[in-house]
2 protein chains.
Amino acid sequence: MQNSFTEENYLKIIHALSGREGLEVSTNALAESTSTRAASVTDMLRKLAEKGLIHYKKYQGVRLTEAGEKVAINVIRKHRLWEVFLVEKLGFGWDEVHDIAEELEHIPSDHLVERLDAFLGHPRFDPHGDPIPDAKGNLTEPDYFILTEAQIGEKVRMMGVLDHAPSFLQHLDRAGITLGCLIEITEINEYDKSASVQINENHTLFISLEVSKNLLVQRR
Amino acid sequence: MQNSFTEENYLKIIHALSGREGLEVSTNALAESTSTRAASVTDMLRKLAEKGLIHYKKYQGVRLTEAGEKVAINVIRKHRLWEVFLVEKLGFGWDEVHDIAEELEHIPSDHLVERLDAFLGHPRFDPHGDPIPDAKGNLTEPDYFILTEAQIGEKVRMMGVLDHAPSFLQHLDRAGITLGCLIEITEINEYDKSASVQINENHTLFISLEVSKNLLVQRR
DNA sequence: ATCTATTTTTAGGTTAATCTAAATTTTTTT
DNA sequence: AAAAAAATTTAGATTAACCTAAAAATAGAT
Ligand SMILES: [Mn+2]
Ligand SMILES: [Mn+2]
Ligand SMILES: [Mn+2]
Ligand SMILES: [Mn+2]
């Protein structure tokens with residue numbers, strides 16, 4: 001029995017919301033993320049539990065089973081590989097690829113995914129810095145931290161974003177903040193908590209707390 | 001209003017079945033091609049007529065409207081471009097790509113199609129020799145003819161196939177008959193109507209009438 | 001510990017795409 | 001021009017994925 005488009009999206013969202021601790025995900029949180037109503041979510045949860053893809057006890061929230069986790073990770077793998085393709089091969093901007101990958105991720109062919117992976121040179125990260133699970137389903141989250149946790153004077157490398165919204169990514173483009181760039185925090189401005197930073201040791205600018213909270217960075 | 005996956009498949013099939021003359025297509029022919037029952041086809045035809053995509057009068061068969069033709073051709077364009085991608089870039093065989101393209105053809109993004117087209121170098125034909133409609137929807141069928149219509153002694157070039165079944169394509173692979181190869185008919189064998197042919201002026205073999213009927217060729 | 005507010009589930013419907021069986025229309029044959 | 005056969009449509013159901021409104025369960029606040 002194949003999983004539908006819709007089922008795959010639920011599994012992927014449950015995976016995202018339960019984090020790496022595998023916390024229980026609530027019906028309302030799923031309704032929010034899927035843009036449906038709680039009653040619809042309950043229907044779907046019963047079906048997914050039936051298929052052995054989630055652990056579900058009424059009123060107790062859900063977690064993925066091993067089988068469900070496997071499906072979710074495969075969808076994530078496809079999503080991220082297609083994003084790499086769109087950016088690296090077709091020349092799309094990192095702000096343009098999410099919605100298209102949202103569709104491509106459901107194309108069912110293991111053969112296709114493996115060939116695509118090879119064609120792209122087995123990339124480890126997608127255009128937003130998110131790690132790409134390997135063919136066996138191993139997904140290792142790198143230990144990046146949020147820019148707000150960096151110290152004044154520290155030089156860090158930009159490794160990913162928490163917000164994937166096109167408007168945020170376009171804002172970063174305008175600021176010259178790209179994946180892999182060097183960021184040095186020169187000062188935290190008391191007035192609005194914005195940070196004065198130097199990018200790639202050549203230009204200086206303010207970045208708002210809102211932006212800092214959505215940037216993942218790495219020391220050294 | 002977007003067209004569904006299913007609607008797009010109906011339009012594409014109506015296009016194929018009505019041929020270049022734009023003949024009326026029967027309900028039963030559609031039921032056959034869509035692997036559904038006639039009653040289901042009737043339901044869908046009413047809906048497509050409602051949306052202005054087909055001309056439909058009860059019991060009289062259907063034809064595409066201008067709008068329907070446009071949608072159908074765009075789906076065909078996407079199908080064939082993705083097939084080129086799968087063969088040229090990912091290294092699939094021409095016998096492996098049809099089913100995958102059948103899914104990819106429904107990914108909705110004009111931007112994506114145009115970039116894919118450019119990435120592939122604006123190919124004019126797909127891996128089976130079928131012409132790829134241009135971005136404006138112009139589809140020009142080359143005037144190839146069937147190998148059975150060639151004369152003894154004639155040298156022709158293999159330009160396409162009528163049957164797209166993997167088993168047929170694999171059979172051609174085993175016979176060394178590829179797109180663009182030279183075929184010289186040396187003899188028609190009375191016994192079984194098979195043809196003795198020479199491929200690329202270097203190897204000789206029999207090909208059955210069944211095979212000849214599915215090969216499109218060009219003179220000189 | 002009880003009451004209140006929130007969350008979740010159940011009940012009952014809708015729509016798209018399918019089905020079978022029966023009715024109707026068209027086509028073919030006598 | 002009937003009668004028979006074939007093609008097509010209508011009628012009435014089913015399934016997946018959604019909905020609203022109402023009921024039930026859990027959590028939070030006195
Ligand atoms: Mn999706
Ligand atoms: Mn991404
Ligand atoms: Mn299709
Ligand atoms: Mn093709």
Side-chain angles (χ1 to χ4, degrees), chain A residues 1-15 17-18 23-64 67-68 71-72 75 102-103 105-108, chain B residues 1-14 17-19 23-64 67-68 71-72 75 102-103 105-108:
Chain A
M1 225 166 290
Q2 270 275 119
N3 302 306
S4 72
F5 211 94
T6 310
E7 287 165 345
E8 287 190 349
N9 280 333
Y10 268 87
L11 294 172
K12 194 177 60 151
I13 290 169
I14 293 168
H15 177 91
L17 294 179
S18 67
L23 301 172
E24 317 268 304
V25 177
S26 77
T27 300
N28 266 354
L30 283 168
E32 167 82 32
S33 289
T34 55
S35 302
T36 63
R37 298 316 184 107
S40 309
V41 172
T42 301
D43 282 351
M44 180 57 78
L45 294 184
R46 194 143 41 65
K47 181 156 56 132
L48 291 173
E50 199 87 355
K51 293 178 90 172
L53 296 167
I54 58 174
H55 295 293
Y56 171 53
K57 267 170 296 178
K58 276 199 235 177
Y59 295 101
Q60 306 299 286
V62 284
R63 280 178 307 107
L64 295 176
V71 175
V75 175
E102 204 58 46
E103 311 272 335
E105 72 189 2
H106 304 291
I107 302 286
Chain B
M1 226 167 289
Q2 270 274 115
N3 302 306
S4 74
F5 210 93
T6 311
E7 287 167 344
E8 287 190 349
N9 280 334
Y10 268 87
L11 294 172
K12 194 177 62 151
I13 291 170
I14 293 168
L17 294 179
S18 68
L23 301 172
E24 317 268 304
V25 178
S26 77
T27 299
N28 266 353
L30 283 168
E32 168 81 34
S33 289
T34 55
S35 301
T36 62
R37 299 316 185 110
S40 311
V41 172
T42 301
D43 282 352
M44 180 57 78
L45 294 185
R46 194 142 42 65
K47 180 157 58 131
L48 292 173
E50 198 87 357
K51 292 178 90 173
L53 296 167
I54 59 173
H55 294 292
Y56 172 53
K57 266 172 296 177
K58 276 200 235 180
Y59 296 100
Q60 307 298 285
V62 285
R63 281 178 305 107
L64 295 175
V71 175
V75 175
E102 204 59 44
E103 312 272 335
E105 73 188 2
H106 304 292
I107 302 287

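Below, chains carry the letters A, B, ... as their sequence lines are ordered, and counting in each starts from 1.
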Quick one: [X] [atom1] to [N] [atom2], roughly how many Å, whole number?
{"X": "B/K57", "N": "C/dT26", "atom1": "NZ", "atom2": "C1'", "result": "15 Å"}
{"X": "B/D43", "N": "C/dC19", "atom1": "CG", "atom2": "P", "result": "10 Å"}
{"X": "A/L45", "N": "C/dT7", "atom1": "CG", "atom2": "P", "result": "16 Å"}
{"X": "B/M44", "N": "C/dT15", "atom1": "CE", "atom2": "C1'", "result": "12 Å"}
{"X": "B/E24", "N": "C/dT26", "atom1": "CD", "atom2": "P", "result": "14 Å"}
{"X": "B/Q2", "N": "C/dA16", "atom1": "CD", "atom2": "C1'", "result": "16 Å"}
{"X": "B/R46", "N": "C/dA16", "atom1": "CZ", "atom2": "C1'", "result": "13 Å"}
{"X": "B/L30", "N": "D/dT9", "atom1": "CG", "atom2": "C1'", "result": "15 Å"}

| request: Begin with the C-alpha distance, continue with both residues' side-chain angles, and end with the deciding distance and a verdict on side chain to side chain contact (heavy atoms under 4.5 Å, CB included) for B/Y56 and B/T42. | output: CA-CA 10 Å; B/Y56 172 53; B/T42 301; 3.8 Å; yes
| Does the side chain of B/T6 get closer than 4.0 angstrom to OP1 or OP2 of C/dA16 through an N or O atom? | no
| Would you say a side-chain N or O of A/T42 is under 4.0 Å from OP1 or OP2 of C/dT10? | no
List the atom of [X], the atom of [Y], and the distance in Å for their closest heavy-atom pair.
{"X": "B/R63", "Y": "B/L23", "result": "CG-O, 3.9 Å"}
{"X": "A/E24", "Y": "A/Q60", "result": "OE1-O, 2.7 Å"}
{"X": "A/L17", "Y": "A/S33", "result": "CD1-OG, 3.7 Å"}

| said: Need one value for A/F5: base, sugar-phosphate or nothing, where a base atom within 4.0 Å counts as base even if backbone is also close, heavy atoms only. | reply: nothing
| note | Ranking C/dC19, D/dC18, C/dT8 by distance to the side chain of A/N28, first place goes to C/dT8
Strictly under 3.5 Å: I want the nitrogen or oxygen pairs between protein and nucleotides 20-29 of chain D, one per line.
{"residue": "D/dA25", "atom": "O4'", "partner": "A/Y59", "partner atom": "OH", "Å": "3.3"}

| message | Using a 6.0 Å cut-off, check whether atom CD of A/E102 has over 12 heavy atoms from anything other than its own residue. | response | yes
| B/V62 pairs by side chain to side chain contact (heavy atoms under 4.5 Å, CB included) with which of B/L30, B/L48, B/T27? | B/L30
| note | Value for NZ (B/K12) from CG (B/L64), rounded to nearest 0.5 Å, stands at 13.0 Å
